[in-house]
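Just so it is clear: chains get the letters A, B, ... in the order the sequence lines come, proteins before strands, and each one is counted from 1.
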Amino acid sequence: AQTVTQSQPEMSVQEAETVTLSCTYDTSENNYYLFWYKQPPSRQMILVIRQEAYKQQNATENRFSVNFQKAAKSFSLKISDSQLGDTAMYFCAFMKPPNSGGGADGLTFGKGTHLIIQP
Amino acid sequence: DSGVTQTPKHLITATGQRVTLRCSPRSGDLSVYWYQQSLDQGLQFLIQYYNGEERAKGNILERFSAQQFPDLHSELNLSSLELGDSALYFCASSVGVQGEQFFGPGTRLTVL
């Protein structure tokens, strides 16, 4: 079974600063997908960024980028020029490809990091 | 707005009762997933349906069941409810059997 670990329960930074959220995972799969989801106080789950394990290039989406280290099984999220609206819970998630066996094909989530952007 | 709809938004019921949560996926999406988010268990995958067929099972209790109808909407049935079933239940959808999942706003279930 896959596990996802987010070791930072809470982080707080000043507006406009850069912040990095950590995520490590454990799997025996070679191909898989990794995601970061954002959950603001509204509780809506919003997809921030995705990464396919077979791609060596790190994914970027505007101010959001990842540092994917496959050998280290690490998948950190960097938020540049942080904004007040970035305040939310951030969840790292793992998904193995379909038909790979071993059970569920849904997302496996970490416990989350509560990110607070201070004005 | 993700395009995934869930009803009702809130549900308050008593122990031992049965409830049904409903989800409509984004237009064109064939997969529907159900997740439970609680304080002690975090976000857990329950079950996936693809084009009407059960595709994968996660940590779903035997008291819970789901189905996906020909119009692709899905229902999650929770029976013999216990206090510990109080949680936020999310539905998500994706185009195929894998890939990006888009989440609905959730149904907040409170069991008293």
Worksheet item: Heavy-atom distance under 4.5 Å to chain B: side chain of A:Met45, backbone, both or neither?
Response: both
Fill in: Contacting region of A:Arg50 [heavy-atom separation from chain B under 4.5 Å]
side chain
Worksheet item: Taking it one step at a time, do A:Thr108 and B:Phe45 satisfy side-chain contact (heavy atoms from CB on, under 4.5 Å)?
Response: CA-CA 7 Å; A:Thr108 299; B:Phe45 166 65; over 6 Å; no
Interface residues of [range] facing chain A - non-hydrogen atoms under 4.5 Å apart:
range	result
residues 7-25 of chain B	none
residues 101-112 of chain B	B:Gln101, B:Phe103, B:Gly104, B:Pro105, B:Arg108
residues 86-94 of chain B	B:Leu88, B:Phe90

Item to complete: Against chain A, label B:Gln41 side chain, backbone, both or neither, depending on which of its atoms sit under 4.5 Å from a heavy atom there.
Response: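 Contact with chain A: backbone only.
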Worksheet entry | Proximal component of B:Glu100, with respect to chain A [non-hydrogen, under 4.5 Å] | both
Would [X] and [Y] show up in the same hydrophobic cluster when neighbours are defined by side-chain heavy atoms closer than 4.5 Å?
X	Y	result
B:Tyr49	B:Val4	no
A:Phe94	A:Trp36	yes
A:Ile49	A:Leu21	yes
B:Leu46	B:Leu81	yes
B:Trp34	B:Leu61	yes

May I ask you to check whether over 12 heavy atoms, not counting those of [X], lie within 6.0 Å of atom [atom1]?
X	atom1	answer
A:Gln14	CD	yes
A:Leu84	CG	yes
A:Glu10	CD	yes

Worksheet entry | Part of residues 62-72 of chain A lying next to chain B, heavy-atom separation under 4.5 Å | none
Item to complete: Give the intermediate values and the outcome of side-chain contact (heavy atoms from CB on, under 4.5 Å) for residues B:Ser2 and A:Gln44.
Response: CA-CA 9 Å; B:Ser2 66; A:Gln44 176 76 47; 4.2 Å; yes
Discussion item. I'd like to know if the side chain of B:Tyr35 reaches the main chain of A:Leu107, judged simply by a donor and an acceptor atom lying under 3.5 Å from each other, with no hydrogens or angles considered.
Written reply: yes
